[in-house]
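Everything below concerns the one structure shown next.
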Amino acid sequence: MTNTSRTRKHLEVQRSDHTTIRYTAGGPAGGPTLALIHGWACDRGDYDAVTDHLPADYRVLAIDLAEHGESRSTRDVWTMEEFARDVAAVLEAESVDTCVVAGHSLGGAVAVEVGRLLPDTVSHVVTLDALHYLSLFPALSEEQTDAMLSMFREDFAAGVRGLVEGGSPTGTDPALKDAYFEKMVAVRQPAGLRSIEGLIRWDMDAALRETKQPITVFAIRDLVTQEAIDRYGDRFDIVPVDLGSHHFPVEAPEGTAKLLAGVGTA
């Protein structure tokens, strides 16, 4: 796929609770629209190289969720539903009539919620290594929730390290894992802790019941379990890929762009 090095505009939209959502827009207004949502403790810049490998006629919106990247907020609500409203505010500001929404990791949960929130706007939901981790995405018991939250509250760095290790197949470069750790452990607080709590408390099954669009999950092959396929294979299309680690959009931007361009864009 040709590298387009497309021109980007850096824009912002205001929400309530002193929330400023910053995003990047590129491509022709009349082209197929793709909204890109980063993962927890990441930012929209992770999609820069991916965007450059997408077809030149695509209109691409890469969004910093509240208190990630360059977006700022003083709000108290850090649910996946509220993050979805960040994305919805950008889509409204850009007068988007129809689009595909794609999210990495936590952004995958947000993408599902955007689909639920905007059933007439979102034509397809795509997740990049998200939804198939059964220890995180399906609703947990109160005991499991408390145990996971205690890990982050008592030793935040150890919790982040556990996430990085869990998303790293055997053979992943240790230097790469260290780079991801350093980036993620520096997430702005208290939003970092509150947003991971929002993800842990998210009820994916309830959200899926109310999300009618087709959902495609591009998942790192070595990180997909048969249990996840058995449980959710009839609800979303799990497509194993061999593009690196959990952070494959950064590691393999051209391959990621091919995956995204292959999804039917309205």
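The analysis underlying the following values was restricted to heavy atoms, covering all of them including side chains, and did not include hydrogens, waters or symmetry mates. Not measured: the values here are computed from a predicted model. Quick note: residue numbers are just sequence positions, from 1.
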Check whether [X] and [Y] end up in the same hydrophobic cluster, where Ile, Leu, Val, Met, Phe, Trp and Tyr are linked by side-chain heavy atoms less than 4.5 Å apart.
X	Y	result
I229	V241	yes
L149	V77	no
L134	I238	yes
L91	L11	yes

Distance-only donor-acceptor check, side chains [X] and [Y], under 3.5 Å:
X	Y	value
E142	T145	no
Q14	T19	no
T211	R116	no
Y232	D205	yes

[X] versus [Y]: any side-chain heavy-atom pair under 4.5 Å?
X	Y	value
T33	T98	no
R44	H10	yes
I196	L163	yes
L128	H246	no
T24	V60	no
P32	D57	yes
S245	P169	yes
Y23	S71	no

Roughly how far, to the nearest 0.5 Å, is the [atom2] atom of [Y] from the [atom1] atom of [X]?
X	Y	atom1	atom2	result
E254	L243	CD	CG	10.5 Å
L208	D203	CG	CG	9.0 Å
I63	I21	CD1	CD1	9.0 Å
D222	S168	CG	OG	11.5 Å
D64	R72	CG	CZ	8.5 Å
I220	L223	CD1	CG	6.5 Å

Query raised in the report: After noting the C-alpha distance and the side-chain angles of F236 and V126, does the key distance pass the side-chain contact (heavy atoms from CB on, under 4.5 Å) rule?
Result: CA-CA 10 Å; F236 45 72; V126 178; over 6 Å; no
Query - E82 and R15 ion-paired at < 4.0 Å - result: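 So E82 pairs with R15 through a salt bridge.
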**Report entry** SB check R231 E227 (cutoff 4.0 Å)
**Finding:** no
Any donor-acceptor N/O pair, [X] side chain to [Y] backbone, under 3.5 Å:
X	Y	result
S123	C99	yes
R22	E70	yes
T225	A228	yes
S150	D146	yes
E113	M80	no
Y47	I37	yes
D43	H68	no
E251	G244	no
E165	G162	no
R85	V114	no

Just checking [X]: does its [atom1] atom have more than 12 heavy atoms from other residues, nucleotides or ligands closer to it than 6.0 angstrom?
X	atom1	value
Q189	CD	yes
D97	CG	no
E12	CD	yes

Query raised in the report: Could you walk me through whether W202 and V112 pass the side-chain contact (heavy atoms from CB on, under 4.5 Å) check?
Result: CA-CA 11 Å; W202 184 53; V112 170; 4.1 Å; yes
Locate the shortest heavy-atom distance separating [X] from [Y]; write the atom from each residue and the value.
X	Y	answer
V187	W40	CG1-CZ2, 4.1 Å
A66	S73	CB-CB, 3.9 Å
R59	G31	CB-O, 4.1 Å
V185	F156	O-CE2, 3.8 Å
F152	L193	CB-CD1, 3.7 Å
G108	A130	CA-CB, 4.0 Å

Query raised in the report: Where do D52 and R8 land on the salt bridge (Lys or Arg N to Asp or Glu O under 4.0 Å) test, with the steps shown first?
Result: CA-CA 10 Å; D52 286 341; R8 299 181 180 88; 2.8 Å; yes
Requested in this report: Could you walk me through whether R161 and D178 pass the salt bridge (Lys or Arg N to Asp or Glu O under 4.0 Å) test, one step at a time?
Outcome: CA-CA 9 Å; R161 178 61 75 177; D178 287 345; 3.2 Å; yes
Query - salt bridge (Lys or Arg N to Asp or Glu O under 4.0 Å) evaluation trace for D86 with R75 - result: CA-CA 12 Å; D86 292 341; R75 71 191 186 207; 2.8 Å; yes
From [options], residue fulfilling side chain to side chain contact (heavy atoms under 4.5 Å, CB included) relative to [X]:
X	options	result
V96	L61, V122, V90	L61
L199	F83, F137, W78	F137
L260	V50, T216, T51	V50

Query raised in the report: What's the verdict on side-chain contact (heavy atoms from CB on, under 4.5 Å) for R201 and M148, showing C-alpha distance, side-chain angles and the deciding distance?
Result: CA-CA 10 Å; R201 293 189 181 281; M148 190 169 288; over 6 Å; no
Query - Name of the residue among K183, H38, H247 meeting side-chain hydrogen bond (donor to acceptor under 3.5 Å, both in side chains) with D46 - result: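 Answer after filtering K183, H38, H247: K183.
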Query raised in the report: Does the separation of the ring centres of H53 and Y58 fall below 6.0 angstrom?
Result: no
Report task. Please lay out, stage by stage, how I215 and D237 fare under the test side-chain contact (heavy atoms from CB on, under 4.5 Å). Result -> CA-CA 6 Å; I215 300 174; D237 187 16; over 6 Å; no
